[in-house]
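For reference, the structure is listed below as C-alpha cells.
Labels below follow one simple rule: chain letters A, B, ... track the order of the sequence lines, proteins then strands, and each chain is numbered from 1.
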Amino acid sequence: EAQVTQNPRYLITVTGKKLTVTCSQNMNHEYMSWYRQDPGLGLRQIYYSMNVEVTDKGDVPEGYKVSRKEKRNFPLILESPSPNQTSLYFCASSFTIRRSSTDTQYFGPGTRLTVL
Amino acid sequence: TQLLEQSPQFLSIQEGENLTVYCNSSSVFSSLQWYRQEPGEGPVLLVTVVTGGEVKKLKRLTFQFGDARKDSSLHITAAQPGDTGLYLCAGHDYKLSFGAGTTVTVRA
C-alpha cells in the first residue's frame, strides 16, 4: 500500500530533550516536506527536500533540522525542543513540486508533540 | 499573515442543506488544491484546479477556480454527515501555501 508513515504518533517530552520524528514514504517520491499545524494558522511548512541531499527552509524553520540521506526517509530533528514547538506535525511527499506540477501531495497520519 | 484566507472558519449545517466554502488570495497561483482532513488523520487531496474559470465536480462537491486564479470555492450539495471535516485550500506556486481551513460539521 502506498503510504507515508510517521513515528511516533504521539510524544510528550520536556524542554531541551532532543528528539527525532521519523518519516518514510514507499512511493519513490522525490519531494518531501514537513509541516506543523496549529489552530487558526493552518499548515505551515518547516523544511522541504527536492531530492536526496537537497534540503531547504520553509516558512517556519527555526528550532528544527532535517536530513535527506535516502530518498524514502526524511526525519525531523528538534535539537532543543521548547513549549512553542508543541504542535501537530505532518510529513508529506509527492513526485515533484515544479511550478506547473499538479502532483498529489500525500500526507502522513501526523505526530502530536507536546513539549512541557 | 495568511497568504490564503478561507471563510467561514466554522460551518455547522443540517443534513441535506447546501454549503459553500471560500478561499481567497491576493496572489496568483499556477493551480489550487482542496484537501479534506478528518480528526487524527492527515489531509487528503480532493481536487486540483488549474485553469482560470475551471469548474470540477466530484459527486456532490463542486470546485471552482476564479478567472484570475486567485480564489476558489467549494460547494457541497445536500450535505451528509460523512462530509464533516476540515477543508483546506492550498495554492501551488513552487510550493504549497495553505489556508487556515474551514471546519464543517453536518448534523444528522
Practice problem: Using non-hydrogen atoms and a 4.5 Å limit, figure out which bit of Y106(A) sits close to chain B: side chain, backbone, both or neither. | Solution: neither
Practice problem: Using non-hydrogen atoms and a 4.5 Å limit, figure out which bit of Q37(A) sits close to chain B: side chain, backbone, both or neither. | Solution: side chain
Self-check item: chain A contact via Q37(B) - which portion, at a heavy-atom distance below 4.5 Å
Solution: side chain
Quiz item: CD1 of I12(A): more than 12 outside heavy atoms within 6.0 angstrom?
Solution: no
Quiz item: R112(A) versus chain B, heavy atoms under 4.5 Å apart: side chain, backbone, both or neither?
Solution: neither
Self-check item: By side-chain hydrogen bond (donor to acceptor under 3.5 Å, both in side chains) - contacts of Q85(A) (at least two apart)
Solution: none
Quiz item: For residues H75(B) and T20(B), is any side-chain donor paired with an opposing acceptor at under 3.5 Å?
Solution: yes
Report, one line per pair, each donor and acceptor closer than 3.5 Å where one atom sits in a side chain of residues 22-29 of chain B; sequence neighbours left out.
unit_1, atom_1, unit_2, atom_2, d
S25(B), OG, L3(B), O, 3.0
S25(B), OG, S27(B), N, 2.9

